[in-house]
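Read the structure below first, then the notes.
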Amino acid sequence: MSTETLTTSASTPDQIHGPGVVLAVDFGGTKVESGLVDETGALLIGSRFRQPTGRDRSSDELRDAVVSVVTSTLQQLPEGTALLGIGIGAAGPIDRERGRVSPVNLPAWRDFALRDTVAATARDLGHDAPVKLRLDGLCITLAEHWVGAGRGADNLMGMIVSTGVGGGVVSGGAVVDGFSGNAGHIGQLEVPGFTDVDAPCTLEEIASGPHTVAWAQARGFEGETGEDLAAAYAEKDRIAVAAVTRSGTAIGRAIASVSTLLDLEVVVIGGGFSLVTPDLFDIIRTAIDRYSRFDYARRVEVRPTGLDTDGPLIGAAALVYRSV
């Protein structure tokens, strides 16, 4: 198993020193974006670019989106500033050693050479920099541990609840990367008791934004998006309340299991659907307390992200700055 010990300083990265920036890329089921991040974990103004991805996109369209954002960002590299490296966070599963990805929510990409695509794009623009690819959930965890809501916690899980559900783990102050680079993929854990039949059901299939909306629609909800569900929840719509409660309960049950296994201090949750209502965190907390069998697992703190939407890019940059 791959582990790397982390420092907690935001201004003195483990290995990278001197002036320069890192190209950070975040690739997911809804969008791909990129930006330049300095050694304090700050995004350079004007360097952030985004393109849509999505289940219906072809392989070429997905590749073109990646090339577009990387090209646009690198064109904003200030003159005289070194590109120290490139960090990529991607929806998984990933193949860390070969730099390939097979995102669950993007069927057009199976074993796609994402790392090589980004590296080649940078070389075409005159930048021959080292490239690191890791699971997006691990990147968000690194960001929270470095400069976010998980700073100072040496036993931490970060979670993304959005189009999919992802996660990453720092245990005993060390990154838990796993044999293939997919450790922490909490969204693919089975969470029983949420289907009408005895069928496999993952946390992502229960608690992600699109799956929660679909569950509500099957019961008469007429909205189409997570934003619609949030508005209905605020109005105390019965179906919306039931859908959000189901999602939060599943997340809490999964955290209870992982905290029992890893003895976590803190879980930090971000992603668009985590904002569906502030009540979501109360629902999660209630489920953790109910389903944890031991007091040490119940002691885990659950916090909202401290980084808003910047976390995935900051975490991708941390792959370089913190030598993960």
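Below, each value reflects all heavy atoms present in this structure, side chains not excepted, and no hydrogens, waters or symmetry copies.
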Verify, without hydrogens or angle tests, whether [X] (side chain) and [Y] (backbone) share a donor-acceptor contact under 3.5 angstrom.
X      : Y      : value
Ser102 : Asp111 : yes
Glu204 : Gln188 : no
Arg96  : Lys132 : no
Ser34  : Thr73  : no
Asp95  : Gly99  : no
Arg57  : Leu106 : no
Ser162 : Gly164 : no
Ser68  : Asp64  : no
Gln217 : Gly223 : yes
Asn155 : Gly172 : yes

What pair of heavy atoms forms the shortest contact from [X] to [Y], and how long is it?
X      : Y      : answer
Leu62  : Thr53  : CD2-CB, 3.7 Å
Phe281 : Ser274 : CE1-O, 3.8 Å
Ile251 : Met159 : CG2-CE, 4.0 Å
Leu77  : His127 : CD2-CE1, 3.4 Å
Gly306 : Ala149 : N-CB, 3.8 Å
Arg110 : Val104 : NH2-O, 3.5 Å

Any side-chain heavy atom of [X] within less than 4.5 Å of one from [Y]?
X      : Y      : value
Gln76  : Leu44  : no
Thr305 : Ile269 : no
Val169 : Leu262 : yes
Ile160 : Val165 : no
Leu84  : Val21  : no
Asp282 : Leu280 : no
Ile206 : Trp215 : no
Ser247 : Phe273 : yes

To the nearest 0.5 Å, what is the distance between [atom1] ([X]) and [atom2] ([Y])?
X      : Y      : atom1 : atom2 : result
Arg285 : Arg298 : CZ    : CZ    : 9.5 Å
Asn182 : Asp177 : CG    : CG    : 8.5 Å
Thr245 : Ile283 : OG1   : CD1   : 4.0 Å
Leu156 : Arg151 : CG    : CZ    : 13.5 Å
Thr117 : Phe27  : OG1   : CZ    : 10.0 Å
Leu313 : Cys139 : CG    : SG    : 9.5 Å

Under 6.0 Å from the [atom1] atom of [X], do we count more than 12 heavy atoms belonging to anything else shown?
X      : atom1 : result
Arg290 : CZ    : no
Arg63  : CZ    : no
Glu222 : CD    : no

- Task: Assign the ring pair Tyr321 / Trp146 to parallel, tilted or perpendicular, where the plane angle (0 to 90°) is split at 30° and 60°.
- Result: tilted
Is there a chain of hydrophobic side chains (I, L, V, M, F, W, Y, each step under 4.5 Å between heavy atoms) that links [X] to [Y]?
X      : Y      : answer
Leu229 : Ile284 : yes
Val161 : Val191 : yes
Phe112 : Val70  : yes
Val276 : Phe194 : yes
Tyr291 : Leu264 : no

So, [X] and [Y]: side-chain donor and acceptor under 3.5 Å apart, yes or no?
X      : Y      : value
Glu144 : Thr141 : no
Asp60  : Ser58  : no
Thr225 : Asp228 : yes
Ser59  : Trp109 : yes

- Task: Go through the steps to decide whether Val32 and Asp26 satisfy the test side-chain contact (heavy atoms from CB on, under 4.5 Å), and finish with yes or no.
- Result: CA-CA 6 Å; Val32 57; Asp26 174 54; over 6 Å; no
- Task: May I have the step-by-step check of side-chain contact (heavy atoms from CB on, under 4.5 Å) for Thr212 and Arg246, ending in yes or no?
- Result: CA-CA 8 Å; Thr212 302; Arg246 179 177 183 266; 5.8 Å; no
- Message: Quick one, Asp154 with Val170, criterion side-chain contact (heavy atoms from CB on, under 4.5 Å). Give me CA distance, side-chain angles, the key distance, then yes/no.
- Response: CA-CA 6 Å; Asp154 283 338; Val170 171; 5.6 Å; no
- Apply the side-chain contact (heavy atoms from CB on, under 4.5 Å) test between Leu74 and each candidate in Val69, Leu83, Ile86; give the one that qualifies. Leu83
- Message: Using the rule side-chain contact (heavy atoms from CB on, under 4.5 Å), only one of Val101, Ile88, Asp136 pairs with Ile94; which is it?
- Response: Val101
- Query: Between Arg100 and Asp116, is there a side-chain N and carboxylate O pair less than 4.0 Å apart?
  - Reply: no
- Other cluster members, Phe294 - Ile/Leu/Val/Met/Phe/Trp/Tyr, side-chain contacts below 4.5 Å: Tyr296
- After noting the C-alpha distance and the side-chain angles of Lys31 and Gln51, does the key distance pass the side-chain contact (heavy atoms from CB on, under 4.5 Å) rule? CA-CA 6 Å; Lys31 62 177 173 56; Gln51 288 287 336; over 6 Å; no
Output side-chain donor-acceptor pairs under 3.5 Å for residues 253-261, partner residues at least two apart or in another chain, one line each.
residue: Arg253; atom: NH1; partner: Pro192; partner atom: O; Å: 3.4
residue: Ser257; atom: OG; partner: Arg253; partner atom: O; Å: 3.3
residue: Ser259; atom: OG; partner: Ala297; partner atom: O; Å: 3.4
residue: Thr260; atom: OG1; partner: Ala256; partner atom: O; Å: 2.7

